[in-house]
Structures are given as C-alpha cells and as structure tokens.
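Step one of this worksheet: look at the structure below.
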There are 2 protein chains.
Amino acid sequence: MTKKVSLSTGLKQLLEKGDKMYQTGLSVDTVIFGFHENVLKILVLNIQYSQKRALPGGFIKINEPVEDAAYRVLQERTGVANIFLQQFDVFSNPTRSDASIHQSRYKDYGVKIPKDNWLLQRFITIGFYALIDYTEVKTSDSKLDAEHCEWVDIHKLDSMIMDHKEIVFKALESLRTQLAYTPIGKNLLPKKFTMPELQKLYETILDQKLDRRNFQRKMISFGILNKLNETRKGGAHKAPFLYTFNDKKYQKALKEGLYGSW
Amino acid sequence: MTKKVSLSTGLKQLLEKGDKMYQTGLSVDTVIFGFHENVLKILVLNIQYSQKRALPGGFIKINEPVEDAAYRVLQERTGVANIFLQQFDVFSNPTRSDASIHQSRYKDYGVKIPKDNWLLQRFITIGFYALIDYTEVKTSDSKLDAEHCEWVDIHKLDSMIMDHKEIVFKALESLRTQLAYTPIGKNLLPKKFTMPELQKLYETILDQKLDRRNFQRKMISFGILNKLNETRKGGAHKAPFLYTFNDKKYQKALKEGLYGSW
DNA sequence: GCAAAAGTGTTAACTGTACACCCATGT
DNA sequence: ACATGGGTGTACAGTTAACACTTTTGC
C-alpha cells in the first residue's frame with residue numbers, strides 16, 4: 001500500500017487523466033468468495049469515513065478486455081493467481097451511481113471534483129464473481145489502510161454502498177446455479193481437503209443439509225477427485241481421508257459440465 | 001423508415017452529439033431468435049455496400065438501463081412488445097471494433113469521420129438474446145432500405161461483421177443451457193400451437209431428436225400448458241390438439257425454474 | 001468403554017427411456 | 001384401405017434418496 005502523498009498523486013491523475021486511460025462510464029465489480037470456518041465469506045473494502053462497505057472494483061483500461069480488468073482487481077486485492085472468475089451480470093440502473101462516495105474520497109485533500117468530471121458521470125458496472133482459497137490470501141492486517149480489505153460472513157453484510165448488496169445477492173444466485181452443473185470446490189478449498197470439508201462447502205453455498213453418504217458417492221462418481229493415503233489427524237474422532245482434485249479431469253468437467261448436457 | 005436527407009441529419013447528429021447522448025464505448029447487440037418452417041432463424045441486418053450481415057444493435061442513452069436499450073433496439077426492428085430478453089455475455093476484445101464499417105456508412109455523404117470521434121473508439125458490447133414469435137414480426141419487404149432486416153437460418157450465417165458470429169454462437173449456447181431449466185416456448189411460438197410444433201422447436205434448438213411420447217409427458221408434467229378442445233385441422237393425418245401456455249404458471253416457472261433447484 | 005465422526009452397503013422410490021398399440025385423417 | 005402422424009400405456013433400467021451397520025479416534 002502507498003502513503004498519503006503518492007496516493008494523492010494517483011488520485012489526482014485519476015481525476016484529470018482517467019478519462020483518457022479508462023473506458024468512461026464503465027467499471028467492474030468483483031464478488032470474491034472464500035470459505036473459512038464453515039462460513040461463506042466475501043472480501044469487502046471498508047470505506048474511509050463511512051460505515052459502509054464496498055466490493056473491490058476498478059475501471060477498464062482502454063484496450064483492456066473486461067476479464068483482464070476484473071483479474072487485475074483481484075490480483076491487487078488478493079495477490080492470488082489462477083483464480084476462477086466468472087462474469088454473471090451487468091448492473092446499469094441509471095441512479096445506481098453515488099457521487100458523494102467519490103467526493104468524500106477527495107475532500108480530504110481539499111479537492112472538490114468538478115461536476116462534469118468523468119468520475120461523477122453515470123457508471124455501468126460489470127459484475128464478476130471469484131472463488132478463492134481463503135488460506136492463500138494475505139489481507140493486510142493494518143486497520144489503518146484507507147481501503148482496508150476484510151472477509152465478511154455473507155449473512156452479516158448489512159450496509160454496503162450503492163447497489164453492491166444486490167450485486168452480491170445476484171452473484172450468490174449465479175454461484176448456486178453454477179454449482180449444479182460445474183465443479184467449484186477447487187478454487188475455494190486448500191489443495192488437500194477432506195470429504196466432510198467439501199460437503200460443508202456445498203451445504204454452505206446451497207444453504208441446505210445434504211446426506212453425508214450420498215454426497216460422497218456423487219462426488220466420487222464425478223471422477224474429479226484423487227483419494228490420498230493420508231488422513232487429517234488432530235480433530236477428535238475418526239480421521240477422514242484427504243483428497244485433491246484431479247486437475248485434468250477437473251478442467252474437463254469445467255468445460256463440458258458435470259453431466260455432459262442433453 | 002426515413003429518406004436519405006433525414007437519415008443524413010440523424011447520422012450527422014450521431015457523429016457530432018452522440019457522445020453527449022449516449023454512453024460512449026458501450027453498445028448492445030441483440031440476437032433475435034425466431035422459429036419458422038421448422039428452422040431456427042435470427043433477424044439480421046444487411047449492411048449497405050457489404051456482403052456481410054450485422055446483428056441489430058444500438059447505443060445506450062445517458063440515463064438508460066441497458067435492458068431498456070436492448071428493448072428499444074428490438075422494438076425498432078420488430079415492432080413487437082412483450083418480448084423475452086436475456087442478457088447473456090459481454091464482448092470486450094479490444095480489437096473487436098472495426099472503424100471501416102462506420103466510415104463506409106458516412107462516406108456516401110462525403111463525410112470522413114475524424115479519428116478522435118467517439119464512434120471510432122473501442123466499443124464494448126453487451127449481448128442480449130430475444131425470443132420472438134416469427135408470425136408477429138413485420139419485416140419491411142423493401143430490399144431498398146439501407147439497413148434491411150432479414151430472417152436467416154442459423155445454419156446459413158456465413159459472413160457477419162466483426163465478432164457478431166461469435167456473439168450468435170454464444171447466444172445459442174446460452175439458449176441451450178437455459179432450455180434445461182427454464183420454459184422458453186411461449187415467446188417463440190404463436191399463442192396456439194400443437195405439441196409436435198413445440199417439440200420441433202426443442203429439437204431445433206438442441207439440434208437433437210427427442211422421443212415424441214416422452215417429450216409430451218415431460219412437457220405436460222411441467223404444468224405450464226393448457227390443453228384446448230380444438231385441433232389443428234388442415235394438415236394430412238390426425239389433427240393434433242392445440243395448446244396455449246398457462247400464463248400464471250409459465251411466469252412462475254420462469255422465476256423459479258422448471259425443477260425448483262436442489 | 002463410550003460418544004462422535006467417518007467409511008461402506010443395501011433397499012425402495014422415483015425418473016427417464018424405449019418401446020407397443022390404438023386412433024384419426026387425407027389420399 | 002392404407003400410409004402417416006398423433007394420443008395413450010407399460011415395462012425396464014438407471015439414478016436418487018433414505019437408512020443401517022461398522023470402524024476409528026479422543027477422552
């Protein structure tokens with residue numbers, strides 16, 4: 001992260017030259033899902049001088065595909081590569097933008113954004129969701145950062161700016177639909193995981209209990225798992241076996257779907 | 001449609017004031033599906049001075065939701081209201097734009113578009129597909145129109161401008177996926193239709209033969225059809241019964257899916 | 001040894017698929 | 001009458017769902 005002075009320089013450039021560097025009126029917002037302590041969480045930004053939170057988002061560079069822009073945002077916030085990213089909707093309500101958010105960001109430096117500045121125009125945003133291994137993300141621990149990143153339980157997202165709560169809701173809806181015909185665990189779990197862990201993940205996303213035995217059989221029948229000869233010791237009771245995803249088959253299932261269509 | 005003079009005025013305004021009226025760098029393109037003579041067709045534009053065809057598309061007005069923009073395009077081209085419209089993807093390859101298409105459109109009027117004009121900038125387009133009752137569309141019959149609309153068999157789309165063929169392909173792919181968990185016939189068929197007609201529609205979209213009897217049972221089991229006490233006379237052989245969609249249940253199925261999720 | 005969690009097996013219910021048969025209509 | 005397409009029924013197979021039993025581990 002940067003200090004106040006250089007941040008100010010960056011903000012100044014954004015204000016004055018942003019419309020030459022970026023596609024005006026367009027942004028990407030990413031709903032970054034992670035799984036931790038049996039809870040589905042998303043990575044959100046705490047907005048300075050506001051109780052509200054925001055989705056990590058950014059602008060699209062001239063000559064940049066939107067997927068790259070979303071990936072760039074993700075990298076900046078999580079430092080993780082090889083992330084599952086999925087575009088799921090476009091949000092274009094003309095009243096969704098909120099000039100005050102940008103204004104308060106600049107107020108501190110004594111700058112008032114001119115009314116006709118590109119930042120204050122109406123923005124259409126393209127929504128992506130990402131699935132990411134919680135353990136691989138190094139969120140900055142300093143609460144002092146102007147834009148501090150934080151994992152928040154999906155059920156405890158009370159106040160978010162603009163339409164960001166709607167975006168999260170839609171992302172979750174898409175994720176649930178995806179779950180039915182696409183493998184998803186690989187991106188949300190550590191390399192090695194147990195069957196109960198995988199099941200908890202599914203149950204959390206679907207918000208529903210699943211039968212332990214049938215779940216195991218179904219998962220194995222998909223043929224995307226490698227069973228290891230190790231067990232997860234340490235927990236009370238019987239030690240469950242560890243699994244990894246079979247990369248080749250996983251990728252194949254991602255492309256063709258778990259059931260191979262009609 | 002308008003004459004050359006007023007068209008020129010419209011084009012002039014587009015060139016000079018378009019960036020004040022529309023979201024720059026953003027467009028919508030619509031893949032309009034229709035079903036006729038047992039063939040899945042889409043409505044395309046014949047580009048003047050070109051052998052290539054284009055998808056009906058347009059720009060997004062300042063303060064207009066993208067869905068409204070897509071709907072506007074649809075209305076302009078088909079005159080039909082109450083259309084099923086679905087956003088399915090965003091196309092943002094930086095090299096997808098083609099300045100020559102805009103240039104040749106203006107060349108006729110002796111106008112050369114300045115290099116820095118908004119029309120020649122990179123455009124990101126939001127793809128929609130529409131399902132529409134073929135019989136309700138009045139395509140202008142005059143082949144003289146600058147932008148003549150035409151129904152074309154989905155399998156006979158050889159040359160299209162830019163990435164429009166890819167857009168059609170992706171739309172078809174989405175439609176096929178949708179088919180599995182959403183009712184779709186309502187928008188592609190006349191009010192009254194027979195079971196064999198509905199089946200042909202499904203077979204055409206899926207590009208696959210389906211069992212006559214099982215299809216019928218499955219459709220009826222969805223509970224979205226009203227069987228009428230009329231039959232479609234005229235054809236050879238036994239007259240099939242006519243059906244309509246049960247609007248209430250159809251709308252419910254659209255929202256909740258045909259199977260009600262997990 | 002006991003409680004709690006994990007592994008494996010069995011059966012019943014349901015769904016999808018593949019047919020067979022009968023009926024109506026135009027030639 | 002017969003060829004063709006449409007309507008209805010049934011039987012089998014494959015899948016899903018429900019549940020029982022055994023094994024392992026920490027206390």
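Naming convention: chains lettered A, B, ... in sequence-line order (proteins, then strands); numbering from 1 in each chain. In this text the structure is predicted, and so the values were computed from the model without any measurement.
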*Rounded off to whole Å, could you give me the CG-to-C1' distance for the B:Leu210 and C:dG16 pair?*
13 Å
*Is it possible for you to check whether A:Lys186 lies under 6.0 Å from the centre of the six-membered ring of A:Phe245, through NZ or CZ, and within 45° of that ring's axis?*
no
*Any idea how A:Tyr129 and A:Phe33 line up, ring-wise: parallel (<30°), tilted (30 to 60°), or perpendicular (>60°)?*
perpendicular
_Do A:Met195 and A:Met219 have side chains that approach each other closer than 4.5 Å (heavy atoms only, starting at C-beta)?_
yes
_From CD of B:Glu230 over to P of D:dG6, roughly how many Å is that when rounded to an integer?_
18 Å
*Report, as a single string ordered 5' to 3', how protein heavy atoms within less than 4.0 Å touch nucleotides 3-11 of chain C: B base, S sugar-phosphate only, - not at all.*
-BBBBBBB-
*Listed partners of B:Thr204 passing side chain to side chain donor-acceptor pair (under 3.5 Å), at least two apart*: none
*Could you tell me the separation between the CZ atom of B:Phe215 and the P atom of D:dT8, rounded to a whole number of Å?*
15 Å
*Taking B:His164 for its side chain and B:Leu55 for its backbone only, find out whether a donor-acceptor pair lies under 3.5 Å.*
yes
*asked:* Using whole Å, what does the distance between atom C1' of nucleotide D:dT15 and atom CG of A:Asp211 come to?
replied: 15 Å
*How many Å lie between NZ on B:Lys218 and P on C:dC14, as a whole number?*
18 Å
*Output all residues satisfying side chain to side chain donor-acceptor pair (under 3.5 Å) with B:Gln87, sequence neighbours left out; order by chain, then residue number.*
none
*Whole-Å distance between C:dG26 C1' and B:Arg232 CZ?*
17 Å
